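See below for the structure under consideration.
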Amino acid sequence: MNNITINSNSNSNDIKEMEKLFPRAPLKIIAMEGCKELGQKVNDYIVNFRQSSYREELKSPMYATYLQDNYLVDAHCPRFGSGEAKGVLNESVRGKDLFIMTDVCNYSLTYSVNGYVNHMSPDDHYQDLKRLISAANGKEHRLNIIMPFLYESRQHKRTKRESLDCALALQELIDMGVDNIFTFDAHDPRVQNAIPLYGFDSFNPPYQFMKALLRAEPNLSVDPDHLMIISPDEGAMSRAVYFSNVIGVDMGMFYKRRDYSTVINGKNPIVAHEFLGSDIKGKSVIIIDDMISSGESMLDVAKQMKDRGAKQVFVCTTFGLFTDGFEKFDEFHEKGYIDRVITTNLTYLPPAFYEREYFTVADMSKFIALIIDSMNHDVSISSVLSPTDRLHALLERHRKDLAEKNL
């Protein structure tokens, strides 16, 4: 009997468990319009996983829906001339273990409102998600949402008289029958306290960051004398602490001094970034954060790193939104402040992103496919949540390859 061929990201014990267990229910995936490309990649990996497995019991009629060429559901949300919409499923999802994938940050999609062209906002994507949930009409066996960028996650806590949008959205999805919500690098995972009795998992991509970085920079030395992890602010401390401890290097951090007497674009402006940490002169640094919005803070931190003598500056961010475009990043790269920017394909990246040689994509499609396949078999995803072993194995291979090159 051959094992399911997943990848080095997976734990062999989980693979064996999947071979033993019958799926929770027949698998179906809805990739909403904003993440069709990512959804297709995820589907292709799952098809490969299952067709690579040979089990005698697959011949049983009970497994008739297990091996498929396609697990994607034909679904869409057409709009009327007024801009209103409806969710439509063109095939049955009755009794299925249904996963809906959505990218609420895909602004490239447009629709017409009384002849005017509108770009879809996170609110539009979220409403379309609810429409497709409504179209399923509760007939699915289990309903799971994969929302890489958690809707309204930046509005996760209340300051004075403000709305708690993220908590309300989570509660609304649960009220509509959602069983599990999967996201990545939630701005504050404690928002799950809004739905304490339901499934909520936030995954982090440090393994994919390191894999993409070492592939792009094969001569990078990963040791305390040559590398340092930098947290650009207090909010990114936990992920930077984890990353630095796992790969065995030092960590530094910046904290933001803000002008709390002024509010610009809904937030207090940053006066300066102050650095806490050891000397970085001659070292390469990895600045790690959950997102790049305008990029102003990240660019300022990168410049300060180079001004302090950093040899190379690598930026790793889960969500590259680039709301102010790429011109400033081009300028900083040309001036030598930034050597490489690595972001995932969990949210929409415009064609201009791929035209820049210093941008690198950390592909997350295999990772999502593993999450879906594990959940469908009711296998523990604890090893997926903690990538420590995979990071150690990756670094061991890299150091071995580096040593062989230097012989």
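We use all heavy atoms of the structure for the numbers below, so side chains are in, but hydrogens, waters and symmetry mates are not. As the structure is a prediction and not an experimental result, all values here were calculated from the model. Numbering starts at 1 and runs along the sequence shown.
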### Query
What residues form a side-chain contact (heavy atoms from CB on, under 4.5 Å) with R94, not counting sequence neighbours?
S92, K139
### Task
Please check if the side chain of T317 supplies one atom and the backbone of I292 the other of a donor-acceptor pair under 3.5 Å.
yes
### Query
Would E357 and H333 count as a side chain to side chain donor-acceptor pair (under 3.5 Å) if you check the C-alpha gap in whole Å, the side-chain angles of each, and the deciding distance to 0.1 Å?
CA-CA 10 Å; E357 53 87 21; H333 175 65; 3.1 Å; yes
### Task
Examine distances only and state if a side-chain atom of S231 and a backbone atom of A240 form a donor-acceptor pair shorter than 3.5 Å.
no
### Query
Salt bridge between D179 and R142, side-chain N to carboxylate O under 4.0 Å?
no
### Message
Just verifying a value: how many Å separate L72 CG and I46 CD1, rounded to the nearest 0.5 Å?
### Response
8.5 Å
### Query
Would R50 count as a cation-pi partner of Y66, with NZ or CZ less than 6.0 Å from the six-membered ring centre and within 45° of the ring normal?
yes
### Query
Between K211 and D363, is the closest basic N to carboxylate O distance under 4.0 Å?
no
#### Entry: R390 charged N/C atom sitting above Y207 aromatic ring, 6.0 Å / 45°
yes
#### Entry: side-chain contact (heavy atoms from CB on, under 4.5 Å) against S163, all qualifying residues, sequence neighbours excluded
D165
### Task
Please determine, by modelled atom types, if T360 and R340 share a side-chain donor-acceptor pair under 3.5 angstrom.
yes
### Task
Go through the side-chain N and O atoms of S294 and E296 and say whether any donor and acceptor fall under 3.5 Å apart.
no
### Message
Could you check whether any side-chain N or O of H156 sits under 3.5 Å from a backbone N or O of S153, counting only pairs where one atom can act as donor and the other as acceptor?
### Response
yes
### Query
Is a donor on one side and an acceptor on the other found under 3.5 Å between the side chain of N43 and the backbone of Y71?
yes
### V88 side chain near C77 side chain, heavy-atom distance below 4.5 Å
no
### Side chain Q304, main chain V301, donor-acceptor under 3.5 Å
no
### Query
According to the interplanar angle, ranging from 0 to 90°, do the rings of F329 and F359 count as parallel (below 30°), tilted (30 to 60°) or perpendicular (above 60°)?
tilted
### Query
Do L129 and I100 touch side chain to side chain, with heavy atoms closer than 4.5 Å?
yes
### Message
Using a strict threshold of under 4.0 Å (side-chain N to carboxylate O), is an ion pair present between D188 and K157?
### Response
no
#### Entry: Matching residue for Y337 among F314, F332, Y358 - test: ring-ring contact (aromatic ring centres under 6.0 Å, His included)
F332
### Task
Taking D339 for its side chain and V313 for its backbone only, find out whether a donor-acceptor pair lies under 3.5 Å.
yes
### Task
Test H187 against D290 for side chain to side chain donor-acceptor pair (under 3.5 Å), laying out the working first.
CA-CA 7 Å; H187 201 61; D290 62 336; 2.7 Å; yes
### Task
Decide yes or no for N144 and F182: does some side-chain heavy atom of the first lie under 4.5 Å from some side-chain heavy atom of the second?
yes
### Query
So, K335 and E331, do they make that salt bridge, N to O below 4.0 Å?
yes
### Query
How many angstroms lie between atom CE of M120 and atom CG of N106, to the nearest 0.5 angstrom?
8.5 Å
### Query
Which heavy atom in A136 sits nearest to a heavy atom in L98, and how many Å separate them?
CB-CD2, 4.3 Å
### Task
Return yes if some donor-acceptor pair links the side-chain N/O of N193 with the main-chain N/O of R190 below 3.5 Å, else return no.
yes
### Query
Using a distance-only test with no angle check, is there a side-chain donor-acceptor pair under 3.5 angstrom linking Q40 and D44?
yes
### Donor-acceptor contact present, side-chain D373 to main-chain L370, <3.5 Å
no
### Message
If we ignore hydrogens and angles and just use 3.5 Å, is the side chain of T183 paired with the main-chain N or O of S202 as donor and acceptor?
### Response
no
### Query
Above 12 or not: heavy atoms from other molecules or residues under 6.0 Å from NZ of K311?
no
#### Entry: Heavy-atom side-chain contact between I287 and F254 under 4.5 Å
no
#### Entry: side-chain contact (heavy atoms from CB on, under 4.5 Å) partners for Y354, two or more places apart
L349, V361
### side-chain contact (heavy atoms from CB on, under 4.5 Å) against N204, all qualifying residues, sequence neighbours excluded
D185, P206
### Message
Between D69 and Q51, does the side chain to side chain donor-acceptor pair (under 3.5 Å) criterion hold? Intermediate values first, please.
### Response
CA-CA 9 Å; D69 294 328; Q51 291 184 349; 3.2 Å; yes
### Task
Could you grab the distance from atom CD of E355 to atom CG of D330, nearest 0.5 Å is fine?
10.0 Å
### Task
Using a strict cut-off of less than 4.0 Å between a Lys/Arg side-chain nitrogen and an Asp/Glu carboxylate oxygen, indicate whether R131 and D128 qualify as a salt bridge.
yes
### Query
Out of curiosity, M298 CE to I230 CD1, how far, rounded to the nearest 0.5 Å?
11.5 Å
#### Entry: SB check D103 K36 (cutoff 4.0 Å)
no
### Query
Going from CG on L164 to CD on Q171, what distance comes out if it is rounded to the nearest 0.5 angstrom?
9.5 Å
### Task
Would you mind checking if R399 and D223 are paired as a salt bridge, meaning a charged N to carboxylate O distance below 4.0 Å?
no
### Task
Start with the C-alpha gap between D307 and K303, add the side-chain angles, then the distance that decides, and say whether salt bridge (charged side-chain N to carboxylate O under 4.0 Å, His left out) holds.
CA-CA 6 Å; D307 290 345; K303 183 178 183 301; 3.0 Å; yes
Extract all donor-acceptor atom pairs below 3.5 Å that involve side chains of residues 24-35 and protein atoms in other chains or at least two apart in sequence.
from, atom 1, to, atom 2, distance (Å)
R24, NE, H141, NE2, 3.1
R24, NH1, D378, OD2, 3.4
K28, NZ, E91, OE1, 3.4

#### Entry: Y126 and E172: CA distance, side-chain angles, deciding distance, side chain to side chain donor-acceptor pair (under 3.5 Å) verdict
CA-CA 11 Å; Y126 177 65; E172 186 175 22; 2.7 Å; yes
### Task
Could you tell me whether a side-chain N or O of E404 sits under 3.5 Å from a main-chain N or O of D401, the two making a donor and an acceptor?
no
#### Entry: Results of side-chain hydrogen bond (donor to acceptor under 3.5 Å, both in side chains) for Y348 - residues two or more places apart only
none
### Query
Is K328 close to L299 at the side-chain level, that is, under 4.5 Å between some pair of heavy atoms?
yes
